[in-house]
Amino acid sequence: MTIHKNISARPSELLTILRSFATKEQVSMTQMLQVAGEQAQLLLSCLDVPTAQIPIRLAQLFPSLVIHYAADLPIPAVSFWGKDKRWHVHIRESDPVAVRVYALLHQLKHIIDHPLRRRINGLSKAGWERLAHHFAEQALAGEALSMTSQQRKEVCL
Ligand SMILES: [Zn+2]
């Protein structure tokens, strides 16, 4: 799969492009992990900013994404489709920046996978979580290594 062919696409289409990486009805976990890695690589090539600026950059790249910072979340991040027809990600404000960005990327993968989840029944919740973790790790390209295992474990919703 050539992943750079659509790189000049307008930012509003990036979500569509990322979703188009996985189109088969039946795919193995190995294939899904590979797709997640390719999606992360494309996103990484679009980011090109320091980690702390990734949330602002993502909001530019995904016009349908709204990022909120909340003081009292019991978990690092949650995402949901709002009545305003946009994706909302709530991020726990008190977490270190690397954790906040990792949690945001993790949620972004869930958003990318949302239509796919309706079509593929063979994957467990743990499987979708594994894909989101893999995507976030790859997109951060090593930054996530500075997180503790407990911080990483928490970022799973
Ligand atoms: Zn998750």
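Read the numbers this way: they start at 1 and go in the same order the structure lists the ligands and their atoms.
Nearest N/O/S atom of H110 relative to the Zn ion (ligand 1): this is NE2. Nearest N/O/S atom of E129 with respect to the Zn ion (ligand 1) is recorded as OE1.
Paired with I54 under the rule side chain to side chain contact (heavy atoms under 4.5 Å, CB included), one option of L61, L47, L43 passes, and it is L47.
No hydrogens or angles considered: nothing links the side chains of H114 and H110 as a donor-acceptor pair under 3.5 Å. Side-chain atoms of Y102 and H133 include a donor-acceptor pair closer than 3.5 Å. Between the side chains of Q31 and S28, at least one donor N or O sits under 3.5 Å from an acceptor N or O.
Distance check for H133 against the Zn ion (ligand 1): none of its N/O/S atoms falls below 2.8 Å.
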